[in-house]
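Labels below follow one simple rule: chain letters A, B, ... track the order of the sequence lines, proteins then strands, and each chain is numbered from 1.
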Amino acid sequence: MEKLTNKEVSKLLAEFGDLLAINGENEFKIRAYNNAARKIQSLEANLSELIKEDSLEDIKGIGKGIAGTIKEIFENGFSQEMEELKRELPSGVLEMTKIPNLGPKRAHQLYYELGLKSVAELREALENNKVRELKGFGPKSEQKLLKGLQNYKKYVDRIIISQAVEEADKLINALKNSVEEGIIKNIEVCGSTRRRKEMIGDIDILVACAAEDKESLSKKITELELTDEIIGAGDKKVSIITCDGLQVDFRLVSSEEFPSALHYFTGSQAHNVRMRQLAKDHNLKLNEYGLIKNDDSRIDIKSEEDIFVHLGLKYIIPELREDSGEIEAAAEDRLPVSIEVSDIKGDLHMHSRYSDGAFTIEEMGEAARKRGYSYIAITDHSKSLKVANGMSVERLKKQLQEIDEVNKKMDGFRILKGIEVDIMPDGSLDFEDEILSELDLVIASVHSSFAMTEEEMTARIIKAVKNTEVNILAHPRGRILGGRAAYKVDMNQVIEAALESNTALEINSSPHRLDLDDKWSRRAKEAGALLTINTDAHHYREFNDIKYGVSVARRGWLEKDDVINTFDLDKLMKFLRED
DNA sequence: GCCGTTTTCGGCCCGACTGTTTTCAGTCG
């Protein structure tokens, strides 16, 4: 049977939790399942390995019961208890809980008191005013649910991080422009956007202002041109849906509360739960308004960092706040010294007009030099990638001459001769080794025949990685966010091969790829492999995407020395010349 | 269901907003 992925198991556990909730089970039991689902989702190791080692119960939050359920799901593809629950509850009831403002309790009521088994039946009951007769429902609930029913599928599911950052900037500027200067004391995007997750579900914006301005500011938010629908609006919290179908939550606090609100609102939820427990252990209470002692007096908090310090921790950057070991590491002073954009000395993956780029070699070089880089590599596509105007041997040789010419004009800056060579289905490369050996740097990547078995694809990629001419494996898993799933490949084996053959694994900074992702980057580092963060730019504007790649690296616990393009030119060349 | 430098039983993060209520439950983050 096909192995289930961590993600699929996580989804099943969460679904189990939802089913239990609809059935009115103990809320802490439900929480345990949801907690376990989150743990599995953010797990680095592969579940099948943990099952083999019988070490599931080592994960905090997973005990005998849930470990048993996971094993059962793995062996049989389903859990007996879950199937029984599903038999009791039609799938439409679970679907109902996806409608805004309709949770498990009310779904339970609708099913057991009105016998509603599907979203369609719910709609009919709402239209016939049947629902308002239930206890706890009324005419307003009826209207809200009808509206939610229209929209619940229309809303955007998730957007990529770059879109979220742009959208947040737009909203922040729009709000700033709608009020007098000085009203907004501080404003910051929080949530998963601040943690720089690769995909974002909704946007959270924190605003500091004076108490007397809260009401008018709340009103301003609901009146923004970008606001399509108001979900809720109080003087502390406003939730809207934008014209693009994106949910945005605003929180309004005082300047004094801003640091603790910033921490709270940045999350992740799992990180916050741990931090609040930790506060409790210190006989304190942590919430969005501050760190509060038992006698209700506040501890003076000037910055987010102060919160960590008061709880005996080193400062944890937002990218690491996922409850994946950062709190323990902060307590023991072994957090990584996270890599920063300013550590990057050059970009080793980009395209010029020789293939599918928009600019000449000189234009790309000049733009990179202006950015403050000390080197770049021009890495156009090889011949078989016809859709991207892949180069023949002759054009490659012409390009090498041109790079020599341009380098003569560049002072204190170097353009490396590179190529992005296709990995053919049999694992061979699209150019002979003899030609590749003339280059400073060879990137290998897969652009065709994605639908191979895991064994075939793994063998294909490992063969390329082990070729001594290859220095970098680009976008190793081939995924396009929101577009194409990663091809099937055993990354653990690829990482081992990269380590043995001194090949760097790329974090491709294109916000559509972000490949490797945070988890695999962390895994690669732990295995001792080296990485490289590049933009794959086809336009020099895309050099700016490097920040997204660096965010992935930060989320993956990477430090400067794990990434070859933080090296100065001499050290980099030494790495490239080693086999 | 999970967990334990006071515990194997009795807790489990904390708060905002809404609608239905007359003090609160449900939903959401």
Complementary nucleotide of B:dT27, counting Watson-Crick and G-U pairs under 3.5 Å: B:dA16

Ring pair (Phe, Tyr, Trp, His ring centres under 6.0 Å) contacts touching residues 264-293 of chain A (sequence neighbours left out): A:His263-A:His271

B:dC13 OP1/OP2 closer than 4.0 Å to side-chain N/O of A:Asn272: no

A:Arg106-A:Asn101 side chain donor-acceptor pair, cut-off 3.5 Å: no

Nucleic acid footprint by protein, nucleotides 20-29 of chain B - heavy-atom cut-off 4.0 Å, B for base, S for sugar-phosphate alone: S-----SSSB

Nearest-nucleotide 5' precedence on DNA chain B, A:Lys29 against A:Tyr289: A:Lys29

Sugar-phosphate only, base, or nothing, as touched by A:Arg251 at under 4.0 Å among non-hydrogen atoms: sugar-phosphate

Side chains of A:Asp295 and A:Ser297, donor plus acceptor under 3.5 Å: yes

Full working for side-chain contact (heavy atoms from CB on, under 4.5 Å) between A:Glu127 and A:Glu142: CA-CA 8 Å; A:Glu127 281 163 356; A:Glu142 200 173 78; over 6 Å; no

Gap between atoms CZ and P, on A:Phe250 and B:dA16 respectively (whole Å): 19 Å

Pair A:Lys39 + A:Asp323, salt bridge at N-O below 4.0 Å: yes

Residues A:Arg251, A:Asp249: salt bridge by 4.0 Å N-O rule: no

Test applied, salt bridge (Lys or Arg N to Asp or Glu O under 4.0 Å); reference residue, A:Glu288; option that passes from A:Lys236, A:Arg276, A:Lys237: A:Arg276

Sugar-phosphate, base or nothing in reach of A:Ala279, heavy atoms under 4.0 Å: nothing

A:Asn23 vs A:Tyr111, side chain to side chain donor-acceptor pair (under 3.5 Å): CA-CA, chis, key distance, verdict: CA-CA 10 Å; A:Asn23 243 11; A:Tyr111 176 53; over 6 Å; no

Between protein and nucleic acid, restricted to nucleotides 3-7 of chain B and to nitrogen or oxygen atoms under 3.5 Å apart, what atom pairs and distances do you find?
{"from": "B:dC3", "atom 1": "OP1", "to": "A:Gly61", "atom 2": "N", "distance (Å)": "2.5"}

Interatomic distance where CG belongs to A:Leu56 and P belongs to B:dG1 [whole Å]: 16 Å

Side-chain ion pair, A:Arg479 and A:Glu198, N-O less than 4.0 Å: yes

A:Ile70 CD1 - B:dC2 P separation (whole Å): 9 Å

Residues touching DNA chain B, which here means a heavy atom under 4.0 Å, drawn from residues 318-327 of chain A: none

Distance-only side-chain donor-acceptor flag, A:Arg194 / A:Thr266, under 3.5 Å: yes

Using atom names, set out every protein N or O paired with an N or O of nucleotides 8-12 of chain B below 3.5 Å, distance rounded to 0.1 Å.
{"from": "B:dC12", "atom 1": "OP1", "to": "A:Lys280", "atom 2": "NZ", "distance (Å)": "3.1"}

Spacing between A:Ile221 atom CD1 and B:dC17 atom P, to the nearest angstrom: 11 Å

Residues A:Lys197, A:Glu322: salt bridge by 4.0 Å N-O rule: no

Sugar-phosphate, base or nothing in reach of A:Asn34, heavy atoms under 4.0 Å: nothing

Check ion pair A:Glu49-A:Lys52 (N to O, under 4.0 angstrom): no

A:Leu145 CG - B:dG19 P separation (whole Å): 11 Å

Worked verdict on A:Arg196 versus A:Val165 for side-chain contact (heavy atoms from CB on, under 4.5 Å): CA-CA 9 Å; A:Arg196 294 292 188 261; A:Val165 168; 3.9 Å; yes

Pairs involving residues 30-72 of chain A, ordered by first then second residue, that meet ring pair (Phe, Tyr, Trp, His ring centres under 6.0 Å) (sequence neighbours left out): A:Phe16-A:Tyr33

Atom-pair distance (NZ on A:Lys285; P on B:dC13), nearest Å: 14 Å

